[in-house]
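Proteins get letters first, then strands, A, B, ... in listed order; numbering begins at 1 in each.
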2 protein chains.
Amino acid sequence: MRRSSAQGVLYGQAVANVAGISGSDLECMDFLNLEGRATAGRLAEVTGLTTGAITGVVDRLEKAGYVRRERDDADRRKVFITVVPETTAEIGKLYVPMQQAMHKVWSRYSDEELRLLLRFATDGYKGVLEATEALKDLLDTPPEKRADLKTPKPRR
Amino acid sequence: MRRSSAQGVLYGQAVANVAGISGSDLECMDFLNLEGRATAGRLAEVTGLTTGAITGVVDRLEKAGYVRRERDDADRRKVFITVVPETTAEIGKLYVPMQQAMHKVWSRYSDEELRLLLRFATDGYKGVLEATEALKDLLDTPPEKRADLKTPKPRR
DNA sequence: CTAATTATCTTAGTGGCTAAGATATATATT
DNA sequence: AATATATATCTTAGCCACTAAGATAATTAG
């Protein structure tokens, strides 16, 4: 799974390269495609970038025609970033090889097996979120106060 | 799975931050921990960085005491990068929360289910590699010659 | 009505990256 | 043996995305 993750990052870098945007820009596009739209602040949260950096990200994406800025009428401090479907489709095409490869993999599993994989994907995501929280707690604890850390033992 | 991947990247950024190294530096450390040792050129390959950038990565890692350079006696152009286990252990501790969280997830699955997950992890990795190759081919094909790209349809 | 908070943008400065070329070693050709 | 080409790493100049700090504008609280 770690290797897949690393290889997936390389795939993303290649896509960003071809699309003429940075890796962070693409990361934001991915999130926007999942959520439809998001405020600049939310993008900063999910990417771990500062709000200043996000201004740059959105500037580049807007200039390239991938997104639009839209001020929220209810709270005029907020800026919603929304994807422009037509231009974004061009980036989408670059993911087709990945989608086809994954569908090929999935096709080798029964419905029951796929249900298990879906359960694991869901559980795993919760686990990663949990780990992120635990890491924060660990870093808030001064090193000398930390309980001894032990990696869990493999079962065999 | 995409969300897990994205969250995993954030986890890595936090680890790199605390360890006082860059994301690319940590990416190389991860690979070195998997493989034991690697040449500078191999690190460039797996990270997608130039060899010049890798020189910088290794400089920083060596200065921080995480790795050592060792010239290959058989081919004195080559430089093997090897991890220093003692100092690297400090970084390893930062992954404990992730390992614990994942073990907690895995503990909820039977041996048979875990075998299926392992099979999927292996198949999935092959799929990602395949997709990377296919993307290269796609980019080598001039846009006007490309067959129409279609995303596979979901089964339902 | 003032103060504090929130959301985004601006600016100066930094650091990791690429591209091109230098250096050193290895392999192939004549 | 001598020369040419290839390979592996390092060096350098220049670029660009990022952070940190602060400015601006809008909202909420006292």
Touch class at under 4.0 angstrom, heavy-atom based, for [X] against every strand present:
| X | value |
| --- | --- |
| Gly52(B) | base |
| Ala53(A) | base |
| Ala44(A) | nothing |

**OP:** From the options dT25(C), dC9(C), dC10(D), select the nucleotide whose nearest atom is closest to the side chain of Thr55(B).
**Re:**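 That would be dC10(D).
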
Does [X] have a side-chain nitrogen or oxygen under 4.0 Å from the phosphate oxygens OP1 or OP2 of [N]?
| X | N | answer |
| --- | --- | --- |
| Arg71(A) | dA7(C) | no |
| Thr50(B) | dT18(C) | yes |
| Arg76(A) | dT28(D) | no |
| Arg60(A) | dC18(D) | yes |
| Arg69(B) | dC10(D) | yes |

Any carboxylate oxygen within less than 4.0 angstrom of a Lys/Arg side-chain nitrogen, looking at [X] and [Y]?
| X | Y | result |
| --- | --- | --- |
| Arg69(B) | Asp59(B) | yes |
| Arg68(B) | Glu86(B) | no |
| Arg115(B) | Glu112(B) | no |
| Lys104(B) | Glu130(A) | yes |

Whole angstroms only, please: what is the [atom1]-[atom2] distance between [X] and [N]?
| X | N | atom1 | atom2 | answer |
| --- | --- | --- | --- | --- |
| Ile81(B) | dC10(D) | CD1 | C1' | 12 Å |
| Ile54(A) | dA7(C) | CD1 | P | 14 Å |
| Leu49(B) | dT9(D) | CG | C1' | 15 Å |
| Asp72(A) | dT8(C) | CG | P | 10 Å |
| Asn17(B) | dC18(D) | CG | C1' | 12 Å |
| Leu43(A) | dT8(C) | CG | P | 9 Å |
| Glu45(A) | dT8(C) | CD | P | 10 Å |
| Glu62(B) | dC10(D) | CD | C1' | 13 Å |

Subject >> Residues within residues 22-30 of chain B bordering DNA chain C, heavy-atom distance below 4.0 Å >> reply: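 Residues of residues 22-30 of chain B under 4.0 Å from DNA chain C: Ser24(B).
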
Subject >> For the student: nearest non-hydrogen atoms of Arg76(A) and Arg71(A), plus distance >> reply: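 Here Arg76(A) and Arg71(A) meet closest at O-NE, 2.8 Å.
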
Original post:
On DNA chain D, nearest-nucleotide positions of Asp73(A) versus Asp59(B): which is more 5'?
Top reply: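 Residue closer to the 5' terminus by nearest nucleotide: Asp59(B).
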
Subject >> Which residue lies more 5' along DNA chain D, comparing Arg42(B) with Thr51(A) via nearest heavy atoms >> reply: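 Comparing both residues, the 5'-ward one is Arg42(B).
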
Original post:
Looking only at N and O atoms, is any donor in the side chain of Arg77(A) or the base of dT6(C) less than 3.5 Å from an acceptor on the other one?
Top reply: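 Side chain to base: pair found, below 3.5 Å.
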
Original post:
Short question: side chain of Thr87(B), backbone of Gly65(B) - any donor-acceptor pair under 3.5 Å?
Top reply: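 Present.
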
Original post:
Once you round to the nearest 0.5 Å, how far does CG of Leu118(A) lie from CG of Asp111(A)?
Top reply: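 With rounding to 0.5 Å, CG (Leu118(A)) is 11.5 Å from CG (Asp111(A)).
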
Subject >> Side-chain donor-acceptor pair present, Asp25(B), Tyr66(B), cut-off under 3.5 Å >> reply: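 Side-chain D/A pair, Asp25(B) to Tyr66(B): absent.
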
